[in-house]
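Here is the structure we will look at, set down as structure tokens.
From a predicted model like this one, the values you see are computed outputs, not experimental measurements. Atoms within each ligand, like the ligands themselves, are counted from 1 in listed order.
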Amino acid sequence: MKFWNTMLKKLPPYVPGEQPAVTGQVIKLNTNESPFAPSPKAVRAIRSFDPRRLRLYPPPNADMLCGKIAARYGVARENVYAGNGSDEILADIFNAFASPKHLAVITDPTYTLYRTLAMRFSVPCRVIPTLPDLTIDLDAIPNKSTSTAFIANPNAQTGILIGYERLAGFITRFRGLVVIDEAYIDFAGEGTSLLPLIAKAKNLIVTRTFSKSFSLCGMRIGYAFASASLIEGLYRVKDSYNLNILSQIAAAAAIDDYAYMEKNAAVVCAERSRMTDILVRRGFAVLPSRSNFILAKPPARSARELYLSLKERGIFIRHFPVPRLKDFVRITIGARRENDALISAIADIG
Ligand code: PMP
């Protein structure tokens, strides 16, 4: 630690969900990955890639991919940015727009990376606790031009969605920058994305990812929508070749197969309702999720006990030992047979 700077000495290590060795025995419902393979078109694009091309740098601005994203979502190329996972884009946002004179405003609970990034970039951070029903208290966010509000919608850990009208009203009134993290939006249904607002709201960045609904988290591809000026700011700070060539090719093919993503997202949503009903019948309290996971409070055992008993049986779910979440387990919606295995293990544990 001799060479660590003051910020680094205070920075807690990130605790990722466990990634057990893939043995075929394990059921992994702990990190909100997709149970489906990537689109066959993306798989073909990766297979037909000539590795000899790897001697060349990738296109620095991922123009082909960003062009396809722009066309798909009906915006101009100048409104689109792509990065090495939306995690990198979130770091780029701090790098480009925040400073120690700013305030990062985050909710609790939410995606833990926002807080880590605020520390990394020495930006003061204000944490707004959710209301008792775990919904976000928009009215408590300080409305200042120096605030940057980070809102995951649907929210991470809870899966709760804020409806378009309410969130659009908040953004329109807000004087600072608003980052709406839509990592899970493809599971939230029609008319929920804040994307249509970017034409009007110059203080809005919408981030998205290929990690969840497009089944490509192993390739690390995120994208973002915003006004041309905000996007230009992100380009100024980005690594020269931030997105590798294979990821650019795979993501472009996945966008070309949009119907495949929609079909898979619909299956996840149907399984989410089925799992919610079953768990509620077993006495669990389940939050109304619009995401690819559910947050549930077990009736009998503690959440931690349930998590540990399932782990012993080779079923991985997530337990967050923090005040607002410690009574819950977070369960990623898996393939039907994985969900069924989870339910029978829960019945078995009793
Ligand atoms: N935002 C939220 C709310 C998330 O839950 C995650 C995934 N853990 C991410 C962003 C990161 O996504 P990516 O894989 O694109 O970095």
Side-chain angles (χ1 to χ4, degrees), residues 14-19 28-35 38 42 62 65-66 69 80-95 104-118 120 130 134 136 148-162 167 178-188 192-194 205-225 234 238-239 242-244 247-248 250-251 254-255 261 265 268 287 289-295 316-318 320 322 325 328 330-333:
Y14 177 66
V15 186
E18 290 150 283
Q19 293 290 357
K28 202 171 165 305
L29 303 174
N30 65 339
T31 46
N32 300 342
E33 288 145 331
S34 168
L65 172 61
C66 289
I69 292 172
V80 180
Y81 182 71
N84 190 27
S86 50
D87 283 355
E88 183 189 59
I89 298 181
L90 292 165
D92 291 344
I93 290 170
F94 272 92
N95 211 354
V105 187
I106 64 172
T107 67
D108 174 36
T110 194
Y111 187 33
T112 51
L113 183 70
Y114 310 144
R115 193 172 199 165
T116 309
L117 287 173
R120 248 177 67 192
T130 45
L134 292 184
I136 292 176
T148 300
F150 289 84
I151 297 175
N153 199 47
N155 199 8
Q157 329 318 1
T158 67
I160 296 173
L161 178 89
I162 307 175
L167 202 46
V178 184
V179 178
I180 302 293
D181 180 342
E182 295 193 346
Y184 301 106
I185 201 74
D186 292 324
F187 308 103
T192 53
S193 172
L194 267 293
I205 304 176
V206 173
T207 61
R208 297 267 190 99
T209 180
F210 281 83
S211 293
K212 315 288 174 185
S213 53
F214 288 98
S215 309
L216 283 170
C217 60
M219 299 215 78
R220 316 297 305 120
I221 314 140
Y223 55 114
F225 301 104
L234 292 172
K238 87 173 185 63
D239 283 352
N242 62 334
L243 196 50
N244 76 76
S247 297
Q248 293 188 31
I255 278 281
M261 179 281 281
V268 167
L287 266 62
S289 170
R290 300 288 288 273
S291 190
N292 69 341
F293 58 85
I294 47 182
L295 195 67
F316 288 76
I317 59 170
R318 193 89 191 254
F320 297 91
V322 296
L325 297 174
F328 295 88
R330 193 193 66 188
I331 303 167
T332 302
I333 303 300

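Which of Phe150, Phe293, Tyr184 comes nearest to atom 4 (C) of ligand 1 through a heavy atom is settled by distance: it is Tyr184.
Residues Ile221 and Leu65 form a side-chain contact, since some pair of their non-hydrogen atoms from C-beta on lies under 4.5 Å apart. Residues Asn292 and Ser34 fail the side-chain proximity criterion, which asks for heavy atoms closer than 4.5 Å. Between Ser211 and Arg220 the shortest side-chain heavy-atom distance falls below 4.5 Å. Side chains of Tyr81 and Ile93 form no contact here, defined as non-hydrogen atoms less than 4.5 Å apart.
Heavy atoms of Arg220 found under 4.0 angstrom from ligand 1 belong exclusively to the side chain. Contacts with ligand 1 closer than 4.0 Å are made by heavy atoms of both the backbone and the side chain of Ser86. The part of Asp181 lying near ligand 1 is the side chain, judged by heavy-atom distances below 4.0 Å.
Close contacts between ligand 1 and Ser211 involve ligand atoms 13 (P), 14 (O), 15 (O) [criterion: under 4.0 Å to a heavy atom]. Interface atoms of ligand 1 facing Gly85, defined by a heavy-atom separation under 4.0 Å, are 15 (O), 16 (O). Every atom of ligand 1 is numbered from 1 in the order shown, and the set under 4.0 Å from a heavy atom of Ala183 is 1 (N), 2 (C).
Not a single heavy atom of Phe210 sits closer than 4.0 Å to an atom of ligand 1. Between Lys212 and ligand 1 there is a heavy-atom distance shorter than 4.0 Å.
Between Tyr184 and Phe187, the ring-plane angle classifies as tilted under the 30° and 60° cut-offs. Between Phe225 and Tyr223, the two ring planes are perpendicular [angle over 60°; tilted spans 30° to 60°].
Counting only distance, with no hydrogens or angles, the side chain of Ser247 and the backbone of Met219 share a donor-acceptor pair below 3.5 Å.
Nearest non-hydrogen protein atom to atom 11 (C) of ligand 1 is Asp87 OD1, 3.1 Å. The protein non-hydrogen atom at the shortest distance from atom 6 (C) of ligand 1 is Tyr111 CZ, 3.6 Å.
The CG atom of Asn95 lies 8.5 Å from the CZ atom of Arg120; values are rounded to the nearest 0.5 Å.
Considering backbone and side-chain atoms alike, Thr209 places an N or O below 3.5 Å from some N or O of ligand 1.
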